[in-house]
2 protein chains.
Amino acid sequence: MAARKKPPANPRKLPEQDRSRATVEAIVDAAARVLVKHGYDAFTTNRVAEKAGVSVGSLYQYFPNKDALLSELMRRHVEEIERGVEGMAELARTAPLAEVIRVGIEQNAQAHFIDPALHRVLSEQVPRLGQLDWMTGFTARMDARVREMLEARRAEIVVQDIDLAVYIITRTVEAVVHNAVCERPKDLASGALAEEVTRMLVGFLTGKAVPVKKTLRAAAE
Amino acid sequence: MAARKKPPANPRKLPEQDRSRATVEAIVDAAARVLVKHGYDAFTTNRVAEKAGVSVGSLYQYFPNKDALLSELMRRHVEEIERGVEGMAELARTAPLAEVIRVGIEQNAQAHFIDPALHRVLSEQVPRLGQLDWMTGFTARMDARVREMLEARRAEIVVQDIDLAVYIITRTVEAVVHNAVCERPKDLASGALAEEVTRMLVGFLTGKAVPVKKTLRAAAE
DNA sequence: TTGTAAAGTGAGCTATTGCTCATGTTATAC
DNA sequence: GTATAACATGAGCAATAGCTCACTTTACAA
């Protein structure tokens, strides 16, 4: 536990040969495996290196410190999630509001199922690495997308403060889905949760009553 | 960092004399101060003892381990929050739905201002102490209250699955308010956020359109 | 007074962990 | 073949933090 306070933060060597690129991959993979299997307490650089089949020294040749490795792992995870949401851009222009929102919610849910165990550990156990550089960019991009979508539909929308609406929507969806993954998997799988949250958000945005579907959708496939 | 894995978990001595009760208070107080002022990284038993003006030995006479101290600190914090919500019981019976919800939101916001710094550290930095015994009871009680409130108003409510509705409401309010404390203090203070979230939730529950207030409330005092 | 239990002390043991560095191995350039 | 740089190794250092325990002090009861 030596240098947790004084981060050397040297921009370490970048892998140039294939061999070293493979090493970096092995390290990141092992990091994820260790986190998932044994939790953050067991996430030591020595252990990760061992599981990766390399020596600690190699690890520190590509990551200046433990947090850098953690940061890289999170960055990759978030990147995966963002890729999953990319396809929504065109749908957002063509489909009706309710559909866009429902798909948004379902996409968010999907994102939580890419690697649920890792996602859970990252968000519950890992100490907040005080505003990661790339993290702010991520949320900003997400917010911007929702904002554009809303602005393109100003006609249907009664909400006054669009910024505030974006804020409420994004936090609500993220929080409800995120918690539901562990606490209400059934309602998430059946679509009941997405159904209700969609109704809530559409009503909120349009200021109109949205009829309750009397026939709840059966659990798909 | 010796016994992090093998928790002795001995039910340590309970304070019997006034002197020792004062010691325990001093320790818990110091724990909060250290957390707030220097973050979780600086939260060491030695440091807490020092700040409390007692020896580490004394600390370990009343807390079997570090996590127990942390747990007690969180328990007290949550207890304070719960006390703040107690007064809502009667209001819930007399006032109109929208009013109850708005006050609920505002109470939740108030709770975050009891000790915002501590609240922030606890929720952002402190590692999840894997399902604290008392924690489940707390959320269960809160959920039960909201549930009762809804059931007493079944007539106004179109929602089919009340359990699911309770879930969505509680998570939404908690998440939106919690995040807004740091990210949108203005909207929280002005009441704009509570206004909008209330409109959203009432629309969700009643299935009716709720008119947007054209005149946004000015920031109170 | 005096015996006993509660309360308090703090030096230091034990274990862990992040990280270094002297050394060895493999690939590329000429 | 040889020089050079990239890559890899792993024993072990330095720091630290959780916790113990032998011992002292204080409170209270008889």
Side-chain angles (χ1 to χ4, degrees), chain A residues 1-27 30-31 34-35 38-73 126-127 129, chain B residues 1-28 30-31 34-35 38-72 126-127 129:
Chain A
M1 200 173 283
R4 199 79 199 282
K5 315 240 78 170
K6 52 169 171 73
N10 297 333
R12 289 290 152 103
K13 200 184 298 179
L14 283 179
E16 298 188 358
Q17 303 175 6
D18 280 354
R19 181 167 49 134
S20 54
R21 268 188 288 271
T23 299
V24 171
E25 293 311 300
I27 291 169
V34 168
L35 265 182
H38 307 281
Y40 184 73
D41 280 354
F43 184 74
T44 69
T45 51
N46 282 295
R47 185 158 193 163
V48 169
E50 192 197 342
K51 286 287 172 189
V54 301
S55 70
V56 233
S58 289
L59 191 156
Y60 280 95
Q61 230 160 80
Y62 303 104
F63 300 96
N65 53 49
K66 188 185 179 179
D67 284 353
L69 172 55
L70 206 48
S71 174
E72 172 63 14
L73 187 65
V126 170
L129 259 32
Chain B
M1 202 171 281
R4 201 79 199 282
K5 314 240 80 170
K6 52 169 172 71
N10 298 333
R12 289 291 152 101
K13 201 182 296 180
L14 283 178
E16 298 187 358
Q17 303 175 7
D18 280 354
R19 181 167 48 131
S20 55
R21 269 187 288 271
T23 299
V24 171
E25 293 311 300
I27 291 169
V28 177
V34 168
L35 265 181
H38 307 281
Y40 183 73
D41 280 354
F43 184 73
T44 70
T45 51
N46 283 295
R47 186 159 193 162
V48 169
E50 191 196 344
K51 286 286 171 189
V54 301
S55 70
V56 232
S58 290
L59 191 156
Y60 280 94
Q61 235 163 70
Y62 304 104
F63 301 96
N65 52 49
K66 188 186 180 179
D67 284 353
L69 172 55
L70 206 50
S71 174
E72 172 64 13
V126 170
L129 258 33

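As the structure is a computational prediction, the values presented were derived from the model and not from experiment. Each chain gets a letter, A, B and so on, in the order the sequences are listed, and its residues count up from 1.
If you take CD of B:Glu50 and P of D:dG18, they are 14 Å apart, rounded to a whole angstrom. A straight line from CG of B:Asp67 to C1' of D:dC19 spans 13 Å, rounded to a whole angstrom. Taking atom CZ on A:Phe63 and atom P on C:dT20, their separation rounds to 15 Å, with Å as the unit. Going from atom CG of B:Asp41 over to atom C1' of C:dG18 covers 13 Å, rounded to whole Å. Nucleotide D:dA17 holds its P atom 16 Å from the CG atom of B:Leu69, rounded to whole Å. Across the protein-nucleic acid pair, B:Arg47 atom CZ and D:dT16 atom P stand 12 Å apart, rounded to whole Å.
Closest-nucleotide positions on DNA chain D for A:Gln61 and A:Val56 were compared, and the one nearer the 5' end corresponds to A:Gln61. Nearest-nucleotide positions on DNA chain C for A:Tyr60 and B:Leu59 put B:Leu59 closer to the 5' end. Mapping B:Asn46 and B:Ser20 onto DNA chain C by nearest heavy atom places B:Ser20 closer to the 5' end of the strand.
Residue A:Thr45 places no side-chain N or O under 4.0 Å from the OP1 or OP2 atom of C:dT17. For the pair B:Ser55 and C:dG10, the criterion of a side-chain N or O lying under 4.0 Å from OP1 or OP2 is not met. Here A:Thr23 does not reach the OP1 or OP2 of D:dC7: none of its side-chain N or O atoms lies under 4.0 Å away.
To the nearest 0.5 Å, the span separating CZ on A:Arg21 from CG on A:Asp18 amounts to 5.0 Å. Rounded to the nearest 0.5 angstrom, A:Thr23 OG1 and A:Gln17 CD are separated by 10.0 Å.
Within 4.0 Å of B:Ser58, counting heavy atoms only, lies at least one base atom of the nucleic acid.
Of the candidates D:dA8, C:dG8, D:dG18, the closest approach to any side-chain atom of B:Arg19 belongs to C:dG8. Taking only side-chain atoms of A:Tyr62, from C-beta outward, the nucleotide of C:dG8, D:dA8, C:dC19 with the closest atom is D:dA8.
Summarising the geometry of B:Tyr62 relative to B:Ser58, their closest heavy-atom pair is CD1-O, 3.2 Å, with the distance given to 0.1 Å.
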